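Heads up: the structure comes next, in C-alpha cells.
The sequence lines fix the lettering, A, B, ..., with proteins before strands; numbering per chain opens at 1. Everything numeric here is computed off the predicted structure, so don't read it as measured data.
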There are 2 protein chains.
Amino acid sequence: MKSQKITLREPHPRRSYEDACGAAHALDLVGERWALLVMRELLLGPKRFSDLRADLPGISANVLTQRLEGLADSGILVRRKLPPPASVQVYELTPWGYESEPIFQALGRWAARSPEHDPSLPLSAVSLLISFRTMLDPQRARGLRARIGFRIGDESYLARVVDGRIDVARDELEDADLVFAASAPAIAAAVYGGRPLDALEAEGALTVKGNRSLAKRFVKLFPLPPKIAQST
Amino acid sequence: MKSQKITLREPHPRRSYEDACGAAHALDLVGERWALLVMRELLLGPKRFSDLRADLPGISANVLTQRLEGLADSGILVRRKLPPPASVQVYELTPWGYESEPIFQALGRWAARSPEHDPSLPLSAVSLLISFRTMLDPQRARGLRARIGFRIGDESYLARVVDGRIDVARDELEDADLVFAASAPAIAAAVYGGRPLDALEAEGALTVKGNRSLAKRFVKLFPLPPKIAQST
DNA sequence: CGGCATCCGGGAAGATACTG
DNA sequence: CAGTATCTTCCCGGATGCCG
C-alpha cells in the first residue's frame with residue numbers, strides 16, 4: 001500500500017474582516033486585487049477567459065483563474081457554456097453581479113477628482129461605455145434623442161440617449177444615427193481629453209460615420225468633475 | 001572614508017493598474033487591504049491612531065501606519081495636531097476624502113444582499129451611524145421630524161431625521177427627543193436584526209431614554225434589501 | 001502611552017513555461 | 001484556447017523594541 005498524498009481541496013477559509021458593516025463584507029467578497037476589474041469587464045455581457053486576459057493587461061492567468069473561481073463561489077458570476085455550434089466557455093455576471101454597477105460609478109466619480117488620475121492611460125471598451133452611463137450630464141442631454149454606435153476592435157456597442165438618460169449595450173449598429181469607429185482611448189481623448197474630432201480623424205485615430213454635428217454634441221455630454229485643490 | 005550605506009527612502013512606486021478607468025484609479029488609491037475601512041472610521045470626524053486600532057479589530061499597527069501614510073500622500077486624509085491643551089495627533093479626512101461616502105453606500109447596499117452577510121458580527125459605531133444614512137427608507141420616514149441620540153462607549157452621536165432624510169454627526173445630546181445607550185451591535189440587533197427593544201432592555205444590552213414610541217418607530221425605518229435567490 | 005521602525009513567517013500576486 | 005505548474009517577489013500580519 002503506497003502512501004498516497006491526498007490533495008483534498010480544502011477550500012481555504014477566505015480571509016475576512018469579520019465586520020458586520022456592509023461595506024466590509026463587500027470587501028470580503030470583491031476586495032482582492034483584480035476582482036472588481038474582472039467584474040467591470042463583464043458588465044456589458046459575458047466574455048471568454050482570453051477576452052478577459054486581453055482586456056485586463058497585467059493580470060496573470062493564474063490570478064484570473066482564482067478570481068473567477070472566487071467570484072463564482074460567491075454567486076457573483078457563473079461559468080457557462082454557450083450552446084452549439086459555439087460551444088465555448090464564457091463567464092457571465094449573475095443578476096446580483098450586474099447590480100454592482102453603482103459601485104463602479106461611485107468609485108469612478110470619486111477618483112476622477114484625484115490629481116493623479118490620468119485619462120490618457122489604456123482603457124477597455126467596457127470601461128469607456130460604462131463611464132458614459134456614469135458621467136452623462138442630464139442637463140446637457142436634455143431634449144436629445146439619438147442612437148449612437150461604437151465600433152471598437154471587432155465589437156460594436158450601441159448607446160441610446162433619451163432625454164437626459166443614456167443606455168448602453170453590446171448590440172448591432174443597423175439604425176444608429178452616428179457611428180464612431182476607433183480604439184477606446186481615442187474615443188476617450190475626444191470625450192474626456194477635449195481633443196477635437198477633426199484632429200483625431202486627421203491622424204487616423206478615429207472615424208465618424210453619419211450625423212456629424214450630433215457627434216460634436218455627443219462628445220460634450222460628459223463633463224469631468226473638477227480636480228481637487230492641491231495644497232502642494 | 002567609510003563606505004556608507006544610504007537607505008534613501010525610495011518611495012516605492014506604488015503598484016498601479018495602469019488603467020484610465022476611474023474605478024481602476026480609485027483602486028490604485030484605496031484598493032489595498034484596510035484602506036477603505038480606515039477611511040470609513042474617519043467619516044464622522046477625526047480620530048487618533050489608537051482609536052483607529054481599537055475600532056478596526058484585526059489591523060496591525062504597522063499596516064495602519066502604512067495606510068495612513070499612503071492615504072495622506074494621496075490627499076485623502078491629513079495628519080493634524082489638535083490645539084493645546086489637547087495637543088494630540090489626529091487623522092482627519094480632507095474634503096475630498098469625505099466625498100468618498102457614496103462608495104461605502106454603494107458597497108454596503110450591494111453586499112447587504114449577499115447570502116453570506118452576517119449582521120451579527122462586530123460593528124463599529126461609525127459603521128452603524130453611516131448605515132443609517134445609507135439604509136433610511138424615505139417612505140417610512142415621511143413626515144417624521146426628530147432628534148435621536150446615541151451613546152456608544154463614551155462617544156455620543158446625534159441623528160436628525162427631517163421628512164425623509166437623515167443627517168448624522170458626532171455631537172452632544174442635549175435636546176434629543178430620545179437617546180439610545182448601548183453598544184453598536186446591540187443597536188444593530190434592534191434595527192437590522194429585528195430584536196424587540198424590550199428584549200434588549202431586559203437583558204441589559206440597551207437602554208432607551210425619552211420618547212419610547214419614537215424609538216419603536218425609529219428602529220423600523222431601515223429595511224434591509226431582500227437576499228438574493230440561492231440556486232444551491 | 002502613542003507612534004513608528006525592524007525583523008520574520010506565511011500567503012497572495014506576478015512572471016514564465018508548460019499541457020490537454 | 002483555456003487554463004495548470006512552478007518559481008520568485010512582494011504584501012500582510014504578528015512580535016519586538018525604540019523613542020518622544
Kindly say whether, by distance alone, the side chain of A/Asn62 makes a donor-acceptor pair under 3.5 Å with the base of D/dT6? yes
What is the nucleic acid contact for B/Ser60, judged by heavy atoms within less than 4.0 Å: base, sugar-phosphate only, or nothing? base
Check whether the ring centres of B/Phe150 and B/Phe132 lie less than 6.0 Å apart, and answer yes or no. yes
Base, sugar-phosphate or nothing for B/Arg79? Non-hydrogen atoms, less than 4.0 Å. sugar-phosphate
Please determine if a side-chain N or O atom of B/Arg33 lies less than 4.0 Å away from the OP1 or OP2 oxygen of C/dA12. no
Nearest to the A/Val63 side chain among D/dA2, C/dG14, C/dG3, which nucleotide is it? C/dG14
Taking only residues two or more places apart in sequence, or in another chain, which ones meet B/Arg109 in a salt bridge (Lys or Arg N to Asp or Glu O under 4.0 Å)? none
Round to a whole Å and report the spacing from CG of B/Leu64 to P of C/dC4. 9 Å
Any ion pair linking B/Glu69 and B/Arg79 (charged N to carboxylate O, less than 4.0 Å)? no
Selection from C/dG3, D/dA2, D/dC12 that lies nearest to any side-chain heavy atom of A/Ser50: D/dA2
I want to check one thing: is the phosphate of C/dG14, taken as OP1 and OP2, less than 4.0 Å away from some side-chain N or O of A/Trp34? yes
Rounded to whole Å, the CD-P distance (B/Gln66 to C/dT6) equals 12 Å
Are OP1 or OP2 of D/dG3 and a side-chain N or O of A/Tyr91 less than 4.0 angstrom apart? yes
